[in-house]
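Order of the sequence lines fixes the chain letters, A, B, ..., with proteins taken first and strands second; residue numbering starts at 1 for each chain. For the numbers below, each heavy atom of this structure counts, side chains included, while hydrogens, waters and symmetry mates do not.
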Amino acid sequence: MKIKAINGVKDTLPAEIIYWQNIENTARDIFHRFGIHEIRLPILEKTQLFTRSIGEATDIVEKEMYTFVDKKITMRPEITASLLRAYVEHGLHVQQPVQRLFSIGPVFRHERPQKGRQRQFHQVDVEIIGAQEPEIDAELMAMGQMLLSQLNLDVSLEINSLGCPECRPDFRKKLISYLQENHDTLCEDCKRRTEQNPLRALDCKQPGCKVAVKNAPSILDNLCSACEEHFAVVQKQLDLLGVAYTLNRFMVRGLDYYNRTTFEFLTTDLGAQAAVAAGGRYDGLVEQLGGPKNTPGIGFAMGMERMVLLMQQQEGQQEKQGQGGADIFIAALGKQAIEFAVPFVHQLRQLGLQAAMDYSNRSLKAQMKQSGRLNAGFTLIVGEQELEQGRGVLRNMKNQEQTEFSLQAGADELVSVITS
RNA sequence: GUGAGCGUAGCUCAGUUGGUGGUAGCACCGGGUUGUGGCCUCGGAGGUCGUGGGUUCAAGUCCCAUCGUUCACCCCA
């Protein structure tokens, strides 16, 4: 019986690796410009880290984590918590009051896979810790926008504010009583949510709930003055930076730790999965994880699989980037020729060329075919005759011109011939 | 966890109301060219028709179960 990959994970084959490298290279380039430094983190963490940060009652913690129960260890379902753990553990705030960090890697959630959703997927995660100014919020979103548009991804930005411990409780009460008044028009889930997680009813997709919620009190009308001021500046800064956005007072985040600014970069091209990147502010989280008091923070995560899907899809007619081919292929005919070619290919590689050969002593036709398949620039044909005469046939695969090449001249001479 | 669709070669897929030997294209290998790739041409290899049971004289085709997978719900990157 063949062993296959488990449900919800995917192999990334060489043919599509170009997309991943493109994302990573572009991200690193842009993060560099914004002074955001890389941090590498473990995939395994104590289960407690996530139950404490993401929230006991969230779906992620309740039913989606891969946990080794006996060891109380969990495969991370997101990166933010790990990154903040490292920030606190190493006292990074002492070195630099505002830390700008990013990390790229896999995360794990036990959900049913579907388009744009896997059980192991990959995130580009960015966090700015230690700054509470609204300019930071806008800068981060502007950077996200820059990165996504550099990758030619067509997305829209939606923003909202979730208030803070000052103002959210009051809003929550208002919302609960509104939902209770409209109890009959809500779906079963939202009836249940009314008490437990009323905010979640705001982004319910059921038509009935959408209508019911339309006239619900708006969080944006119920912010305390500090939050209102903060959010106003965020918007003003986005305008200054030329970042287009729309307000979405129904946007709610699935993780408990968010407060104030939240945002999502959305697409309509990924089936049911709209969010390509999402994040927000989490001003109480660092302290909650045992870090210094009153340490604000904000960050976002981008879903790499979703970006790749979009790139492949939106690429459309554009021609595929040709994988760089080999510089040269040595077609060796006969045992002696192979003995000559083996060290010769090795020397070419030492000199920096991508050189290839075939050890199986196949027909010249087969080897030429192989050379063509490798998209080689040149093929050096070495058979018995050539060995005797000390002159190989060097074929330019692009224009089909053939010249003689003295085998005694050595690898460096060949390099200079084919690179000239 | 729930629902629907789909499982025929490495990939994309034909396969008619169940009725003789399992299609084709791409890719792979070889010949046509004593030693020259892409195009053409001829040939070759490659399959437990996901698996197990059932109905039938006869099942890739119908039924059931099971596994896998896709999409959607829930929720999320």
Given atom [atom1] of [X] and atom [atom2] of [N], what is their separation to the nearest angstrom?
| X | N | atom1 | atom2 | result |
| --- | --- | --- | --- | --- |
| A/R112 | B/rA4 | CZ | P | 12 Å |
| A/L13 | B/rA27 | CG | P | 19 Å |
| A/F121 | B/rC76 | CZ | P | 12 Å |
| A/H110 | B/rU2 | NE2 | P | 12 Å |

Under 4.0 Å from OP1 or OP2 of [N]: is there any side-chain N or O of [X] that close?
| X | N | answer |
| --- | --- | --- |
| A/R362 | B/rG30 | yes |
| A/R117 | B/rA72 | no |
| A/Q114 | B/rU70 | no |
| A/R200 | B/rC76 | yes |
| A/N7 | B/rU69 | yes |

Nearest-angstrom distance, [atom1] atom, [N] to [M]:
| N | M | atom1 | answer |
| --- | --- | --- | --- |
| B/rU8 | B/rG15 | C1' | 9 Å |
| B/rG38 | B/rG21 | P | 37 Å |
| B/rG68 | B/rA24 | C1' | 26 Å |
| B/rA9 | B/rA4 | P | 26 Å |

Query raised in the report: Less than 4.0 Å between a side-chain N and a carboxylate O, is that true for A/R109 and A/E78?
Result: no

**Report entry** By side chain to side chain donor-acceptor pair (under 3.5 Å) - contacts of A/S371 (at least two apart)
**Finding:** A/T379

Query raised in the report: How is the base pairing of RNA chain B summarised as a dot-bracket string, given the Watson-Crick and G-U wobble criteria with both distances under 3.5 Å, [ ] for crossing and | for another strand?
Result: (((((((..(((......[....))).(((((.......))))).....(((((..]....))))))))))))....

Hey, could you give me the [atom1]/[atom2] distance between [X] and [Y], rounded to the nearest 0.5 Å?
| X | Y | atom1 | atom2 | value |
| --- | --- | --- | --- | --- |
| A/E384 | A/Q389 | CD | CD | 11.5 Å |
| A/Q123 | A/I104 | CD | CD1 | 11.0 Å |
| A/L157 | A/M141 | CG | CE | 6.5 Å |

Report task. For A/T26 and A/Q150, run side chain to side chain donor-acceptor pair (under 3.5 Å): C-alpha distance rounded to whole Å, both residues' side-chain angles, the deciding distance at 0.1 Å, then the answer. Result -> CA-CA 8 Å; A/T26 308; A/Q150 181 116 2; 5.6 Å; no

Report summary line: Given protein heavy atoms under 4.0 Å, the one-letter contact record of nucleotides 33-40 of chain B, with B base, S sugar-phosphate only and - none, is simply --BBBB--

Query raised in the report: Among B/rA77, B/rC74, B/rC73, which nucleotide sits nearest the side chain of A/D59?
Result: B/rC74

Report task. For A/R109, answer base if it contacts any base atom (sugar-phosphate contacts may also be present), sugar-phosphate if it contacts only those atoms, and nothing otherwise; contact means non-hydrogen atoms under 4.0 Å. Result -> base

